[in-house]
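Whatever order the structure lists ligands and atoms in, that order sets their numbers, starting from 1.
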Amino acid sequence: MTFEGDAAPASKFDSDLYRSEPVSFVRRGTRLQGRRLSAWEKYADQFLIEVPRHIADTSVSKDFDFDDAAHFGRTAPLVIEVGSGLGEAMVARAAEEPERNFLAVEVYRPGLAQLMLKAGTAGLTNVRCVQANAPEVFDVLDDGSVDEVWVFFPDPWHKARHNKRRLVNDAFAARVARVLRPGGLWRLATDWDEYADQMLEVLTNSPDFENLHESWAPRFEGRIVTSFETKAHKAGRTIHDLTFRRVEA
Ligand SMILES: C[S@@+](CC[C@H](N)C(=O)[O-])C[C@H]1O[C@@H](n2cnc3c(N)ncnc32)[C@H](O)[C@@H]1O
């Protein structure tokens with residue numbers, strides 16, 4: 001999986017549609033082939049949560065009632081990973097923590113197919129995924145209904161004119177704050193120094209969060225080395241982790 005930080009939005013359709021709030025992703029290939037196509041056909045009923053759309057195929061209708069007990073078939077602490085990529089981190093952690101529910105939010109269809117293939121092969125029952133724009137998913141979650149949120153290696157949008165497309169900003173922090181239970185954790189990681197600074201600033205300035213560390217967090221042991229991180233290491237980039245806790249309202 002590659003990401004070109006210089007890439008412009010894939011289509012005028014996307015940028016028109018989300019004019020009021022730029023989306024943090026580019027539309028990449030949605031076609032499934034081979035093992036990923038078979039995985040989708042085999043596992044979508046088990047793992048994929050279908051959501052009603054309002055306009056685009058990555059949107060979520062505002063009146064959708066996300067009922068995690070119904071989707072997972074049980075009530076358990078919920079971990080959400082935004083931009084789960086190929087699902088490496090989520091599947092690994094879900095296997096180690098069967099007592100928690102794990103929801104992957106990702107727009108990249110082949111990535112979700114790969115996640116379902118891994119989760120299905122491992123026989124996991126505590127994983128679900130949704131193909132949708134993360135801020136819109138957060139908007140249909142109940143207040144305080146989430147135990148932990150992960151954002152690992154969000155698209156960097158490193159050109160100044162694209163910075164506004166970054167996922168982690170004040171508006172997204174407010175969304176995370178609303179859905180996280182008091183004491184719940186928001187874990188982040190990035191290989192882009194300047195985005196790391198932005199994350200630290202956004203969360204430090206938010207009255208809803210407190211940093212568990214002086215500034216950068218030690219590497220989260222649940223964050224396994226993904227293929228994406230391996231590329232960052234090869235390119236000589238430093239990885240910054242952050243862990244913030246939702247304070248009592
Ligand atoms: C650079 S990749 C990192 C993937 C993975 N977290 C990892 O560490 O390997 C960022 C991912 O975030 C997804 N993404 C970006 N913005 C998103 C959004 N608003 N909603 C859902 N997924 C998003 C992209 O499709 C992409 O797969």
Side-chain angles (χ1 to χ4, degrees), residues 1-10 14-15 17-18 20-32 36 48-49 51 53 56-60 66 79-94 102-116 118 128-141 148-158 162-169 171-173 175-176 179 186-192 195-196 199 219-220 222-235 237 239-242:
M1 181 180 55
T2 58
F3 170 76
E4 296 302 329
D6 290 343
D14 277 342
S15 46
L17 186 60
Y18 293 101
S20 59
E21 215 175 317
V23 293
S24 59
F25 57 89
V26 282
R27 299 308 303 274
R28 289 175 291 156
T30 54
R31 247 184 98 215
L32 298 174
R36 288 179 178 170
L48 185 75
I49 298 174
V51 299
R53 314 291 183 178
D57 60 359
T58 53
S59 65
V60 181
F66 182 87
V79 180
I80 297 187
E81 181 172 16
V82 175
S84 48
L86 300 178
E88 295 137 296
M90 168 151 290
V91 169
R93 193 67 174 178
F102 288 79
L103 176 68
V105 180
E106 175 55 77
V107 291
Y108 183 52
R109 199 174 175 86
L112 289 174
Q114 192 68 33
L115 177 145
M116 291 194 281
K118 290 193 192 93
R128 298 290 182 274
C129 58
V130 58
Q131 187 184 8
N133 178 31
E136 295 178 75
V137 174
F138 278 67
D139 284 347
V140 298
L141 299 175
E148 201 164 308
V149 173
W150 297 352
V151 178
F152 299 151
F153 303 100
D155 297 327
W157 295 109
H158 57 79
H162 289 149
N163 283 178
K164 61 181 181 296
R165 298 177 71 92
R166 286 179 173 168
L167 177 74
V168 182
N169 56 22
F172 189 66
R175 285 182 163 102
V176 175
V179 304
W186 186 3
R187 300 183 188 278
L188 307 98
T190 180
D191 60 333
W192 209 263
Y195 199 1
M199 290 174 175
R219 185 197 174 87
F220 166 43
R223 186 171 69 69
I224 62 159
V225 180
T226 62
S227 46
F228 188 84
E229 182 176 357
T230 302
K231 279 184 207 151
H233 284 303
K234 279 191 187 145
R237 292 196 289 271
I239 313 298
H240 288 100
D241 280 72
L242 288 167

(request) Could you tell me whether A132 approaches ligand 1 through its side chain, its backbone, both or neither, with non-hydrogen atoms closer than 4.0 Å? (result) backbone

(request) Number the atoms of ligand 1 from 1 as they appear, then name those within less than 4.0 Å of a heavy atom of A134, with their elements. (result) 18 (C), 19 (N), 20 (N), 21 (C)

(request) Evaluate the side-chain proximity of R93 to E81: yes if any heavy-atom separation is below 4.5 Å, no if none is. (result) no

(request) With heavy atoms of F153 as the reference, note each atom of ligand 1 found under 4.0 Å away. (result) 1 (C), 2 (S), 3 (C), 8 (O), 10 (C)

(request) Find all atoms of ligand 1 within a distance of less than 4.0 Å from any non-hydrogen atom belonging to S24, and give their numbers and elements. (result) 15 (C), 16 (N), 17 (C), 18 (C), 19 (N)

(message) Heavy atom to atom 12 (O) of ligand 1, shortest distance: which of G83, P22, A89 holds it?
(response) G83

(request) Please say whether the positively charged group of R166, taken as NZ for Lys or CZ for Arg, lies over the ring of W157, i.e. under 6.0 angstrom from the six-membered ring centre and within 45 degrees of the axis. (result) no

(request) Going by the side chain to side chain contact (heavy atoms under 4.5 Å, CB included) test, name the single residue among D155, L167, L188 that passes it with Y195. (result) L167

(request) Spell out, as yes or no, whether a donor-acceptor pair under 3.5 Å connects the side chain of R165 to the backbone of V23. (result) yes

(message) Please confirm whether V23 approaches ligand 1 to less than 4.0 Å, judged on its heavy atoms.
(response) no

(message) Any nitrogen or oxygen of F152, side chain or backbone, less than 3.5 Å from one on ligand 1?
(response) yes

(message) Need the ligand 1 atom indices (1-based, order shown) with element for anything under 4.0 Å from a heavy-atom of T226.
(response) 7 (C), 8 (O), 9 (O)

(message) Using heavy atoms and a 4.0 Å limit, tell me yes or no: is V107 in contact with ligand 1?
(response) yes

(request) Grab the two heavy atoms, one from G85 and one from E106, that are nearest each other, plus how far apart they are. (result) N-OE1, 2.8 Å

(request) Flag the pair E148 and R223 as a salt bridge only when some basic side-chain nitrogen lies within less than 4.0 angstrom of an acidic carboxylate oxygen. (result) no

(message) Against the six-membered ring of F220, is R187 placed for a cation-pi contact (under 6.0 Å from the centre, within 45° of the normal)?
(response) yes

(request) Kindly indicate, with the supporting measurements, whether the criterion side chain to side chain contact (heavy atoms under 4.5 Å, CB included) is fulfilled by R109 and Q131. (result) CA-CA 7 Å; R109 199 174 175 86; Q131 187 184 8; 3.0 Å; yes

(message) If I apply the N/O under 3.5 Å rule, does S84 come out as touching ligand 1?
(response) no

(message) I need the atoms of ligand 1 closer than 4.0 Å to a non-hydrogen atom of D155, numbered in the order shown.
(response) 1 (C), 2 (S), 10 (C), 15 (C), 24 (C)

